[in-house]
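Input: a single structure, listed below in structure tokens.
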There are 2 protein chains.
Amino acid sequence: MICFKPIGFFRTGASREEVKGSFDGVEGYIEILEEYRDGLIGLNGFSHIFIISYLHEVPEESRATLIVRPKRFLRLGLEAPEVGVFATDSPHRPNPIGLHLVRVNGISDGRIYVSNMDAYDGTPVLDIKPYTVSRIVRNPSFPDWYSRLIERGFE
Amino acid sequence: MICFKPIGFFRTGASREEVKGSFDGVEGYIEILEEYRDGLIGLNGFSHIFIISYLHEVPEESRATLIVRPKRFLRLGLEAPEVGVFATDSPHRPNPIGLHLVRVNGISDGRIYVSNMDAYDGTPVLDIKPYTVSRIVRNPSFPDWYSRLIERGFE
């Protein structure tokens with residue numbers, strides 16, 4: 001068993017329904033706990049960061065989910081393929097860990113103000129990584145089932 | 001306390017010194033435990049994936065580290081700034097979680113063969129996320145201290 005402590009929490013005034021219904025995520029901030037705030041030195045200036053979170057509202061039994069039908073297909077009225085959870089961002093997976101790429105709007109007093117937050121208010125944050133050039137892939141390729149989403153203009 | 005189980009492990013024939021000394025990472029595979037292999041369905045065709053790992057060789061006391069001098073500066077003979085761990089990929093951080101972007105060379109029998117592995121043999125894998133278009137930032141910006149590394153051609 002591998003255990004972690006939260007370093008902070010997602011804070012947003014948005015309801016769960018607003019977060020679920022949003023394509024681009026919502027605005028808000030990441031509140032870093034006081035004892036970890038020195039870890040933010042030098043983060044200012046990165047336009048984007050990755051947040052690694054614990055998706056705390058996922059029920060324990062959803063850790064058994066291995067196959068899903070991506071919701072984005074259903075929203076577009078396309079026939080959704082059955083795919084494995086590791087090929088998707090489904091929150092239902094053995095370890096309910098979220099990987100969120102957010103835009104940084106400012107940092108002050110232990111708060112990182114961000115856009116594109118796709119997590120519920122109160123979601124625990126486990127780690128933060130800067131969006132560096134080593135995280136840019138020049139010419140990625142994708143499976144056919146996922147390319148059908150891109151063709152519809154859906155990212 | 002937030003706890004996870006490994007879904008698999010990094011496997012590489014490379015020594016710790018080879019992994020440390022490599023700029024682009026090493027080749028190897030991610031071995032997914034048998035009970036989680038259905039989660040790989042549909043992953044084939046993604047040229048790149050993110051691996052979220054538990055950096056198991058980081059000593060417990062390193063979780064108290066909040067300020068580091070990035071090693072890449074030292075290697076280039078530049079004066080290294082003191083920055084917070086959340087502005088770096090330092091393994092010494094409150095939760096020793098790794099975020100690895102790797103190229104997928106093939107998937108078979110529960111093994112994901114990859115390049116650019118920057119983790120020691122036996123590192124536990126917690127989760128896998130596909131590199132989708134939503135993880136591409138068009139025009140990211142960076143702090144000055146990090147831009148000095150890019151100017152030297154170092155990513």
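Worth saying up front: this structure is predicted, and the values here are computed from it rather than measured. Chain A is the first sequence line, chain B the second, and so forth, proteins listed ahead of strands; every chain is numbered from 1.
- Contacts between T88(B) and chain A at a heavy-atom distance below 4.5 Å involve the backbone alone (N, CA, C, O).
- Smallest separation of non-hydrogen atoms from I136(B) and P140(A): CD1-CG, 4.0 Å.
- Among all heavy-atom pairs drawn from I7(A) and P94(B), the shortest one is CG2-CB, 3.8 Å.
- Panel note: side chain S47(B), backbone S141(A); a donor-acceptor pair is recorded below 3.5 Å.
- With a 4.5 Å cut-off on non-hydrogen atoms, R135(B) touches chain A through its backbone and its side chain both.
- Ring geometry for F4(A) against F4(B) counts as tilted: the plane angle lies between 30° and 60°, on a 0 to 90° scale.
- For I97(B), the parts lying near chain A are the backbone and the side chain together; criterion is any non-hydrogen pair under 4.5 Å.
- One distance of note links CG of D89(A) with CG of D127(B); it measures 9.0 Å at 0.5 Å rounding.
- The six-membered or imidazole ring of F142(B) lies away from that of Y131(A), with a centre-to-centre distance of 6.0 Å or more.
- One finds the OH atom of Y36(B) at 9.0 Å from the CZ atom of R63(A) (value rounded to the nearest 0.5 Å).
- Below 30°, between 30° and 60°, or above 60°: for Y146(B) and F46(A) the angle between ring planes is between 30° and 60°, a tilted geometry.
- A donor-acceptor contact shorter than 3.5 Å links the side chain of N95(B) to the backbone of L126(A).
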